[in-house]
Structure formats: C-alpha cells, structure tokens
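Atom set for the values below is all heavy atoms of this structure, side chains included, hydrogens, waters and symmetry mates excluded. Given the structure is predicted, the values throughout are model-derived calculations rather than measurements. A, B, ... follow the sequence lines: proteins, then strands. Residue 1 opens every chain.
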Number of protein chains: 2
Amino acid sequence: MKEGPDIARLGTLIGDPARANMLTALMGGQALTASELAQAAGVSLPTASSHLSKLEDGGLLSQRKQGRHRYFALADTATGAMLESLMGFAASRGHLRHKPGPKDPALRKARICYDHLAGDFGVRMLDSFLCEGVIAAEGEKLTLTKAGHARVSALGIDVESLHSPRRPLCKSCLDWSERRSHLAGSLGRALLGHFIDNGWARRVADSRIIDFTPEGERRFMAVFPVD
Amino acid sequence: MKEGPDIARLGTLIGDPARANMLTALMGGQALTASELAQAAGVSLPTASSHLSKLEDGGLLSQRKQGRHRYFALADTATGAMLESLMGFAASRGHLRHKPGPKDPALRKARICYDHLAGDFGVRMLDSFLCEGVIAAEGEKLTLTKAGHARVSALGIDVESLHSPRRPLCKSCLDWSERRSHLAGSLGRALLGHFIDNGWARRVADSRIIDFTPEGERRFMAVFPVD
DNA sequence: TCAATGCTTCGGTCCAGATCGAAGCATGAA
DNA sequence: TTCATGCTTCGATCTGGACCGAAGCATTGA
C-alpha cells in the first residue's frame, strides 16, 4: 500500500485554492513578490506568507530576496511542466474557471522599479551593456568594466559621483514582466534620471509607467542596440 | 486572476491520503472493488465509498457494477499518465513516504504502469527500441518504423490488431524512478502481456511489482540489448 | 536618528471535510 | 421466503489547517 512517491502531499499543496492561484500566477514565468501573490490569490499578506513557505518547503518555489522585496518563482521548468500537465488534464475533465482581464502593456514596456528602469526597455539596456562589454556579469554580480566606464561617461554621466559605501554601482534586478535581469544600483538610477532629464521619457503620474517619447524611443534603441 | 483550468479541484482530489492510496492502488491497472480499495486506503467502508464517489465525480475513476460488487478503475490512460507524472515530480522533490524497504528496489526494477512496463526494465526496452531503429522519436511523439513493424511481429505480436482510433500505438510515458521515458500505448500493453503470457514474468499480488524469472530476465536482456 | 515599506510570526477563531457506527438498499444464494 | 454479503446513506463527531489582526523584524530612505 505504501509504495512509491507521496503524491498526496503534492496534491495537498496544489489543492488549496489560494496556493493554486499563486502557482497559476507564476506560470506566466514572471517572478512575483509576496504582496503581489497575496493579491493574486485573494488572501491577506499573513495568509499568503504561510502558503508561500509551504510551497517552498514542498520544492515548488524558489525565492530570491532583493531589498525589501521577496521574489518568488516556480522552482524550475519541471515544476512548470508538471503544472501544465495538471492543467491539461483538468481541462480535459471540464474543470474550468473564468477568463482573464487585459493587462497593461505599457507597464510591461517600460516602468520604474524603485528608482531604475525595468520592463522590456530595462532588460534591453542591460542586454546591450553585457553584449558590448560595458558591464561584466559574474553570476549575480555585475561590475562596470574599464571600457564601460568610458562609455557611460560619454553619455554624460559622472560615474565617480555615483560611488557610495551604502549602495553598489551596478546590481542585477529580476524583472517581473520579462523574467530576466535588468540594471539596478546607483548606475541604474542615474541612467533613468538621464533619460528623463534629457526628455527621452517621463513618469506617468500615479503609475509606475515610464512613457518614452517617439524621439526618445528612437534614440534609446540606437544607443542600446541588441543583435 | 481566475484563469485557466481548475487545478485546485484536481489537487484536492489527489491530496487526501486515502484517495491518493486508492489511486496508487489502481495504478496497477486492475479494477478493484470498493472493499478492496477501502483496505488499500486504510479507511472504513463508508469513508471509502464517499471518497470513491468524489473521485468519480472528478472524472478520475470509472466504475462498473457487477453483481453485488462494484469495480473501480482509473478512468483512462490519460489519468494513469497524469498520476505517473505527478509521482515522477514528487520523487524528484524527495517526497517519499517510506523507508527504502525491500519492495522499493523491486518497484524500481520493473513495475506495471497502468497497463505497460515501467521501471528500469521499461526504460531499457524503449532505449533498445530507439537504438535499433524499431521506434523513431520525434520530440514526445513515438512511431513504429517499418523495420520495427517486422521486428515486433517476429516477437509474436500481431501489430495490425493493435491499431485503434481511440489509442495511439506508441506513446512515451515519463518514469518516476528513472526520470526517463518508457513505452506506453497499445504496443506497450501488448509487450507486457507478451512477457507474462510467455512466462518471462508475473505480477506480484497486491503490488505494482512485475517479477521476472531468472530465465525471463536473461531472455529480456538478450532481446533488448543496450550498448 | 526616525519613518515607511515589505514581509513574517504569533495568537486565536472558525469551518470544510474526513471519519465512523448504525441503519438502509440492493443483489444473490438457500 | 429468509439470510448473507457488498455497498451507500444518514447522522454526529472531531480536527487540521485556512484565515486574519496585531505585533515584530528587516531593509531602505530621509
């Protein structure tokens, strides 16, 4: 009777509606904060926190602490595949729910993340920097290269003034819409300030959206090429 | 936030230990009576009856009445495949429910997966088929080659009679103990039947274990070589 | 330093559902 | 008919765990 793996434990983890909602939300591939997952699940923050630690103990989630936030994501692709297979089976038995609402595309395109650029544009910028050797990546660690120093200075940014004992110059930050990293740290902040000061973009009131002008977008694309 | 299929309901069904035990017992492919399932689950008859009707409502089980008995079985092969995939995932996260007893190695060596051979032997058989061009793999899809048709027929299996509009001839099924694929589908079923009919192996009662005789094992190894 | 934010822990409430005994229905055997 | 068997339904109990408010902790910003 007691043979093989414990599917009951897995089932219990997935079987709670709040946890299932969280897992479904994470199926998009984006890493989400505890607060966002609480809202997605429709429960309070303490309840969500409890669920998240259970899911992590069960090996379904991985988490990454970043500043005040805690980002959660599916542990690996096998987890996503398992959930997808469950969804397929559930759908085949007519266990369905409702349709989703529209998402804000502007938020995915470019938004502020604390103080630096995130979204499609933020990811593109870091990709471009890595590709051109402006920034070197060593695991999670990002460092500005000697060539990068010159390149950023040429943009009109005073790199020396950005050094601080309290904050790293470059830091990688996980992007929720792209599920890839973008550039944080004092340099990330300075670059966003640069775009706004030069009229390439502006902040939209009461929103995290960064709105690029057509000209600003053109110049951004030119300055940060991606092969 | 309410999007996609309802995996919570499915999880709840599988998440109860008694129900999980019943489903595991039915993974052997045999139809079992309510009393037998009650014993397998370790609960009283009334409790088992309640669980069984829930599983049936959820589309996981089919039942047929026969005299005073009521026989339950997994609804279809998709159900077996879904459960096996859950077991694979659970095993990968270390969700095992027992001390590694004497039954465990036997289960890993050769066991029945709904109606076909799984475990070390099942994986070896498919590996051998792929290696010798009996079966061609194209992603998840498996097809019997022309040469394979002759080869399988030579084993004494009537391939023509296996074709069915309801079930594929060859299908890959993820093996939880090996974390690799073995052969499912009507051909997989026929091959296991062949081994048993020819006395190479027999089913162990009240278990998913397939017990190969020394001679059967010798012939199996000869017929399905792996480099 | 203090205040704001994001999250966890603690303490207590509450309820869905798992459980079983007893009774109720079938079916089959005599 | 009468009895035995296999299973379901009913009624009642009980508990695991989902839930939230308040307090606590950690990080960041001012």
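Using modelled atom types, no side-chain atom of A/Thr145 and backbone atom of A/Ala136 make a donor-acceptor pair closer than 3.5 Å. Using a distance-only test at 3.5 Å, with no hydrogens or angles considered, a donor-acceptor pair links the side chain of B/Arg19 to the main chain of B/Leu13.
The side chain of A/Arg19 contributes an N or O atom lying less than 4.0 Å from OP1 or OP2 of D/dA18. OP1 or OP2 of C/dT19 sits under 4.0 Å from a side-chain N or O of B/His51. Regarding contacts with the backbone of D/dA18, a side-chain N or O of A/Lys54 is found under 4.0 angstrom from either OP1 or OP2. Contact between the side-chain N/O atoms of B/Thr47 and the OP1/OP2 oxygens of C/dT19 is not found at any separation under 4.0 Å.
The CG atom of A/Leu55 sits 10 Å away from the P atom of D/dA18 (whole-angstrom rounding). Atoms CD (B/Gln63) and C1' (D/dT8) sit 11 Å apart, rounded to a whole Å. Look at CZ on B/Arg9: it is 15 Å from C1' on C/dG17, rounded to the nearest Å. Going from atom CG of A/Leu52 over to atom P of D/dG17 covers 17 Å, rounded to whole Å. Here C/dG6 presents its C1' atom at 7 Å from CG of A/Leu45, a figure rounded to the nearest Å. One interatomic measurement links the two molecules: OH of A/Tyr71 to C1' of C/dT5, which rounds to 13 Å at whole-angstrom precision. In this structure, the NZ atom of A/Lys65 is 19 Å from the P atom of C/dT5, given to the nearest Å. Distance, A/Gln39 CD to D/dC20 P: 13 Å, rounded to whole Å.
Between A/Trp200 and A/Phe195, the ring planes are parallel. Angles under 30° get that label, and only those over 60° would be called perpendicular.
Here the side chain of A/Arg68 is nearest to one of D/dT28, D/dT9, C/dT27, namely D/dT28. Considering only side-chain atoms of B/Val43, the nucleotide from C/dC20, C/dT27, C/dG6 that sits closest is C/dC20.
Between A/Phe129 and A/Phe224, the ring center distance clears the sub-6.0 Å criterion.
Ranked by how close their nearest DNA chain D nucleotide is to the 5' end, B/Pro46 and A/Ala18 are led by B/Pro46. Where A/Arg189 and B/Phe72 meet DNA chain D, the nucleotide closest to each residue was compared, and B/Phe72 sits on the side nearer the 5' end.
By the 6.0 Å contact criterion, CZ on B/Arg203 is enclosed, its count of non-hydrogen atoms from other residues, nucleotides or ligands being greater than 12.
Contacts of B/Thr33 with the nucleic acid, taken as non-hydrogen atoms under 4.0 Å apart, involve only primed sugar atoms and P, OP1 or OP2.
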